Amino acid sequence: MARITASVYTSHVPAIGAALDMGKTDEPYWQKVFQGYEFGKQWIKDNPPDVIFLVFNDHATAFSLEMIPTFAIGTAAEYMPADEGWGPRPVPKVIGHPELAAHIAQSVIQQDFDLTIVNKMDVDHGLTVPLSLMYGQPKAWPCPVIPFAVNVVQYPVPSGRRCLNLGKAIRKAVESYDEDLKVHIWGTGGMSHQLQGPRAGLINKDFDTAFMDRMIADPEGQAAVPHIDYVREAGSEGIELVMWLIARGAMSDLAGGPPPKVVHRFYHVPASNTAVGHLILENQ
Ligand code: DHB
Ligand code: FE
């Protein structure tokens, strides 16, 4: 059977992708950010997944404001890096896993979550920057990726509770797949940031720290936090953090297993307009 062995959490700041693509990682400003990912890059070499289930948000790139699915699962064979206005990032195309993705869609929809099935989609920085942070600049991404897009751009956005419960349904779906596969689930986006209006530039270290503490030890408590608290405390784009709850909900302690092992935790301010957070949790 397939199993979720670990969850990885990371911010997805577009300027991080640009720093990598333009060879600026050794500049003092960026060094401090990339140092926080050195551990994860080695860890993922030592603990390679067969498939990554990557929870991210599209930024009105693949889905325009004409059509906005709340939850969308990628069932395609491949996904091209999107042109977000400066040409596509010079990163490999993303290879999908249509069989596992279709199985998860079947199982999760039958567990009463309405997913949109996506057979064609370009992937923006929300997906490619987390891959770059964990894998650097390879010629090809080392394993297939199932993109799972969550609407956190156009209100109303899904609640933390719904995201956590969706994660639980995804764990059941993965564990009902016959093939022996090691699956990582990634929760991406955040941390606190606001890109527009009078509060542009907002960062809230206390909120972010408490969020990471609760992601580790009290995800059910974090799931009860209403979305307006994220927006008030962590900024209009801080709401991206609800996506971390999908990955956290898929960990086995929420199905009666032991607590996950915290193998890495990193927090840094600033990167562009954003607080950067990164966590790695392993199922025991
Ligand atoms: C920034 C952060 C984001 O999450 C995003 O999607 C775009 C820009 C930023 O910090 O500049
Ligand atoms: Fe974003």
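Because the structure is a prediction, the values reported are computed rather than measured. First listed ligand is number 1; within each ligand, the first listed atom is number 1.
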### Query
Are S236 and Q196 linked by a side-chain donor-acceptor pair shorter than 3.5 Å?
yes

#### Entry: Identity and separation of the nearest protein heavy atom to atom 1 (C) of ligand 1
P14 CD, 3.6 Å

#### Entry: Contacting atoms of ligand 1, where contact means under 4.0 angstrom from a heavy atom of E240
4 (O), 6 (O)

### Message
Quick test: of every protein heavy atom, which one is nearest to atom 5 (C) of ligand 1, and how far off is it to 0.1 Å?
### Response
H125 NE2, 3.5 Å

### Task
Going by the side chain to side chain contact (heavy atoms under 4.5 Å, CB included) test, name the single residue among V94, L131, V8, I185 that passes it with L54.
L131

#### Entry: Test salt bridge (Lys or Arg N to Asp or Glu O under 4.0 Å) applied to D213 - qualifying residues, sequence neighbours left out
R265

### Message
When you compare the side chain of V225 with that of F211, does any pair of heavy atoms fall below 4.5 Å?
### Response
no

### Query
Given I146, which of T75, I73, I170, V183 fulfils the side chain to side chain contact (heavy atoms under 4.5 Å, CB included) condition?
I73

### Message
Regarding E220 and R161, does a basic nitrogen lie under 4.0 Å from an acidic carboxylate oxygen?
### Response
yes

### Task
Please report which non-hydrogen protein atom sits nearest to atom 3 (C) of ligand 1, along with the residue it belongs to and the distance in Å to one decimal place.
H193 NE2, 3.3 Å

### Task
If you have a sec, work out which protein heavy atom is nearest atom 11 (O) of ligand 1 and how many Å separate them, to one decimal?
S272 OG, 2.7 Å

### Message
Tell me if the centroids of the rings in W43 and H184 come within less than 6.0 Å of each other.
### Response
yes

### Task
Check the Fe ion (ligand 2) and write out every protein N, O or S atom at under 2.8 Å, as residue and atom.
H12 NE2, H59 NE2, E240 OE2

### Query
Do any heavy atoms of E237 fall under 4.0 Å from ligand 1?
no

### Message
Any salt bridge linking K41 with D46? Criterion: basic side-chain nitrogen under 4.0 Å from a carboxylate oxygen.
### Response
no

### Query
What is the closest protein heavy atom to atom 10 (O) of ligand 1, and at what distance does it sit?
T274 OG1, 2.3 Å

#### Entry: Carboxylate-amine/guanidinium contact K32 E38, below 4.0 Å
no

